[in-house]
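See below for the structure under consideration.
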Amino acid sequence: MALASATPTTVYFDNAATTPLDPEVLEAMLPFMREFYGNPSSIHSHGRKVRAVLENARKTIAHLINAAPAEITFTSGGTEADNYAIFGSIQTLGLTRAITSPLEHHAVLHPLQALEKSGAITLHYVQHDALGTLNLAHLEELLAGQPRALVSLMHGNNEVGNLNDVQAISDICRQHQAVFHTDTVQTMGHYRHDVQQLKPHFLVGSAHKFHGPKGVGFVYRNPELQVRPLIHGGSQERNVRAGTENVYGIVGLAKALEIAYRDMAAHHQHIQGLKDRFIEKLRAGIDDVQFNGHSAEADRSLYTVLNVSLPPSELNEMLLFNLDINRVSVSGGSACTSGANAGSHVLTAMNCDPNRGAIRFSMSKYNTPEEVDYAVAQLAKMYHREAV
């Protein structure tokens with residue numbers, strides 16, 4: 001599981017941005033980089049062999065989330081999958097209203113805001129409190145007595161780790177005949193998903209968030225809906241997504257999700273232990289340390305994410321840089337906005353104090369307690385305290 005090291009040379013705690021490739025996954029992918037190179041759309045033997053493998057991967061993913069294989073479409077990742085769900089449902093079904101929250105990933109917010117700007121939809125935001133808890137009563141108010149709407153709300157927040165009650169959200173959407181899309185990029189491979197129980201219209205995953213390869217993901221589409229493709233130019237993926245499939249990526253995606261489900265209980269226990277250790281050490285080593293959202297609450301947040309709020313200090317301006325110099329890789333928010341001057345739109349929406357520094361530590365099965373201790377020690381030194 002974890003790769004032990006008494007004195008870590010470098011420490012990677014940015015697994016919400018991307019995870020290292022599992023060696024088992026690489027082994028599964030290699031034959032399709034070297035030997036089995038046929039185009040899965042070709043009718044000759046080279047193509048047929050690859051087509052069979054691709055469809056087996058589709059069956060594996062479908063089985064793990066309790067879907068039918070025909071309900072799984074492979075994409076280039078979570079962003080494309082989100083865009084397909086949003087543009088496809090609004091354009092095909094003629095929806096004129098959409099509901100989301102200001103805490104969503106930009107892969108959801110930006111498409112919806114573009115549709116609003118074009119005049120295609122009216123966009124509404126579900127209210128939330130200072131910790132980022134969604135007001136589901138407000139969601140019901142927005143849906144009550146209104147035309148059919150698209151509701152796009154994530155399962156686990158990529159920055160602060162808050163878990164939303166997607167089952168309750170789905171039930172509300174069903175009651176009001178709303179189309180429900182949920183971004184499950186941060187929770188896929190870390191929590192079990194059952195689409196027969198949840199009943200979303202769209203659900204998405206991205207391989208590189210659970211130790212698979214980058215550049216490949218999938219979207220589950222409920223068979224109740226038929227929507228237009230986002231990408232045109234071929235009949236691949238049952239005419240849903242044109243373009244030659246990323247076969248070795250898809251093989252890696254299926255293998256990574258299979259491993260994640262196989263070892264989920266052990267990984268959950270290991271990573272939660274690291275997170276608990278982080279919380280304990282940070283509280284002991286730094287005065288006035290706080291935690292954004294519900295990230296310090298085990299039953300209300302992703303066990304892989306801890307968003308730390310540090311006291312006001314001139315150190316905060318160079319916080320990530322100084323940690324990087326000391327060989328600790330972390331993020332100050334979503335990786336998709338790294339380097340942007342605007343800061344975290346999630347923390348801004350939650351009215352977090354802009355004078356406090358924010359660090360997102362995100363952990364994986366490969367991290368160790370020694371790495372936690374090292375990271376906290378480097379941070380504590382910056383704040384003139386020794387880690388306990």
- request: Please report the C-alpha distance between Asp373 and Arg277 in whole Å, then the side-chain angles of each, then the deciding distance to 0.1 Å, and finally whether the salt bridge (charged side-chain N to carboxylate O under 4.0 Å, His left out) criterion is met.
  value: CA-CA 8 Å; Asp373 295 350; Arg277 190 181 185 96; 2.8 Å; yes
- prompt: Would Val179 and Phe202 satisfy side chain to side chain contact (heavy atoms under 4.5 Å, CB included), going step by step from the backbone distance to the final call?
  reply: CA-CA 8 Å; Val179 175; Phe202 299 96; 4.0 Å; yes
- prompt: If you measure from CE on Met188 to CG on Asp183, what distance do you get to the nearest 0.5 Å?
  reply: 9.5 Å
- request: Could you state whether Val185 and Leu21 fall into the same hydrophobic cluster, counting links through intermediate Ile, Leu, Val, Met, Phe, Trp or Tyr residues with side-chain heavy atoms under 4.5 angstrom apart?
  value: no
message: I need the Leu30 CG to Arg34 CZ distance, nearest 0.5 Å.
response: 4.5 Å
- request: Return yes if a side-chain donor-acceptor contact under 3.5 Å exists between Asp165 and Gln167, otherwise no.
  value: no
- prompt: Distance only, no hydrogens: is a donor on one side chain within 3.5 Å (strictly under) of an acceptor on the other, for Asn292 and Asn307?
  reply: yes
field: Side chain to side chain, Leu153 and Leu134, heavy atoms closer than 4.5 Å
entry: yes
query: Would one find more than 12 heavy atoms of other residues, nucleotides or ligands at under 6.0 Å from atom CZ of Phe291?
result: yes
query: Given Glu141 and Asn135, is the side chain to side chain contact (heavy atoms under 4.5 Å, CB included) satisfied, shown in steps?
result: CA-CA 10 Å; Glu141 289 175 21; Asn135 183 344; over 6 Å; no
query: Using a distance-only test with no angle check, is there a side-chain donor-acceptor pair under 3.5 angstrom linking His181 and Ser152?
result: yes
- prompt: Would you say Gln269 has more than 12 foreign heavy atoms packed within less than 6.0 Å of its CD?
  reply: no
task: Calculate, to the nearest 0.5 Å, the distance between atoms CG and CG belonging to Leu150 and Leu123 respectively.
output: 9.5 Å
message: Does His46, at its NE2 atom, have more than 12 non-hydrogen atoms belonging to other residues, nucleotides or ligands within less than 6.0 Å?
response: no
field: Distance (rounded to the nearest 0.5 Å) between Lys275 NZ and Phe361 CZ
entry: 12.5 Å
task: Give a yes or no answer on whether the side chain of Lys209 reaches the backbone of Thr18 with a donor-acceptor pair at less than 3.5 Å.
output: no
message: Strictly distance-based, threshold 3.5 Å: is any side-chain N or O of Asn316 a donor or acceptor partner for the main-chain N or O of Asn355?
response: yes
- request: Evaluate side chain to side chain donor-acceptor pair (under 3.5 Å) for Gln272 paired with Asp276, printing each intermediate quantity in order.
  value: CA-CA 6 Å; Gln272 184 65 57; Asp276 292 343; 2.9 Å; yes
- prompt: Are any of the side-chain heavy atoms of Met350 and Val160 separated by less than 4.5 Å?
  reply: yes
- prompt: Do you reckon Tyr84 sits in the same ILVMFWY cluster as Leu95, going by side-chain contacts under 4.5 Å, direct or chained?
  reply: yes
message: Any non-hydrogen side-chain atom of Pro311 less than 4.5 Å from a side-chain atom of Ile286?
response: yes
message: Tell me if the centroids of the rings in His193 and Tyr220 come within less than 6.0 Å of each other.
response: no
message: Less than 4.0 angstrom from a charged side-chain N to a carboxylate O is my criterion; do Lys255 and Glu258 meet it?
response: yes
query: Is any side-chain heavy atom of Ile61 closer than 4.5 Å to a side-chain heavy atom of Ile250?
result: no
statement: The remaining residues in the hydrophobic cluster of Met318, counting side-chain heavy-atom contacts under 4.5 Å among Ile, Leu, Val, Met, Phe, Trp and Tyr, are Phe321, Ile325
task: On the 0 to 90° scale, with breaks at 30° and 60°, tag the His110-His106 ring pair as parallel, tilted or perpendicular.
output: parallel
query: Going from CZ on Arg360 to CG on Asp14, what distance comes out if it is rounded to the nearest 0.5 angstrom?
result: 5.0 Å
- request: Is it possible for you to say whether Tyr125 and Leu142 belong to one hydrophobic cluster, with membership spreading through side-chain heavy-atom contacts below 4.5 Å?
  value: no
task: In plain terms, say whether Glu245 and Arg51 are close enough for a salt bridge, that is, a side-chain N and a carboxylate O under 4.0 Å apart.
output: yes
Step-by-step side chain to side chain contact (heavy atoms under 4.5 Å, CB included) determination, Asn39 to Val50: CA-CA 7 Å; Asn39 188 318; Val50 173; over 6 Å; no
message: For the CZ atom on Arg238, are there more than 12 heavy atoms of other groups (residues, nucleotides or ligands in this structure) within a distance under 6.0 Å?
response: yes
Student check: side-chain heavy atoms of Glu159 and His345 closer than 4.5 Å: yes
message: Side chains of Arg97 and Arg148, heavy atoms from C-beta outward: is any pair under 4.5 Å?
response: no
message: Under a 3.5 Å distance rule, please check whether Asn157 uses its side chain to pair with a backbone N or O of Leu103 as donor and acceptor.
response: yes
- prompt: Is Glu237 salt-bridged to Arg58, going by a charged N under 4.0 Å from an acidic O?
  reply: yes
statement: Correct closest heavy-atom pair for Ala178 and Val151 would be CB-CG2, 4.1 Å
- prompt: Closest heavy-atom contact between Ala358 and Leu347?
  reply: CB-CD1, 3.5 Å
query: For Gln196, does the CD atom have more than 12 heavy-atom neighbours from other residues, nucleotides or ligands under 6.0 Å away?
result: yes
- prompt: Does Tyr12 belong to the same Ile/Leu/Val/Met/Phe/Trp/Tyr cluster as Leu302, with side-chain heavy atoms less than 4.5 Å apart forming each link?
  reply: no
- prompt: Taking atom CG of Asn322 and atom NZ of Lys381, what is their separation to the nearest 0.5 Å?
  reply: 13.0 Å
message: For a quick test of reading the model, state the closest non-hydrogen atom pair linking Ile259 to Lys365 and the distance between them.
response: CG2-NZ, 4.0 Å
- prompt: Got more than 12 heavy atoms from elsewhere within 6.0 Å of NE2, His63?
  reply: no
message: Do Ile72 and Val240 land in one hydrophobic cluster if side-chain heavy atoms of ILVMFWY residues count as linked below 4.5 Å?
response: no
query: Do the non-hydrogen side-chain atoms of Val11 and Gln378 ever get within less than 4.5 Å of each other?
result: no
task: Take Lys59 and Glu55 through the test salt bridge (charged side-chain N to carboxylate O under 4.0 Å, His left out) and record every step on the way to the result.
output: CA-CA 6 Å; Lys59 289 177 183 176; Glu55 294 307 323; over 6 Å; no
- request: Write down the atom of Pro213, the atom of Gly249, and the distance for their closest heavy-atom approach.
  value: CG-O, 3.6 Å
query: Any side-chain heavy atom of Arg192 within less than 4.5 Å of one from Tyr261?
result: yes
task: Would you please test His294 and Leu163 for side chain to side chain contact (heavy atoms under 4.5 Å, CB included) and show each step?
output: CA-CA 8 Å; His294 293 291; Leu163 287 172; over 6 Å; no
query: Between His190 and Phe210, is the ring centre distance below 6.0 Å?
result: no
- request: Just say parallel, tilted or perpendicular for the rings of His155 and Tyr191, cut-offs at 30° and 60°.
  value: perpendicular
- prompt: Do you know which two heavy atoms are closest between Thr79 and Ala107, and how far apart they sit?
  reply: OG1-CB, 3.8 Å
Closest contact, heavy atoms only, Ser295 versus Leu306: O-CD1, 3.6 Å
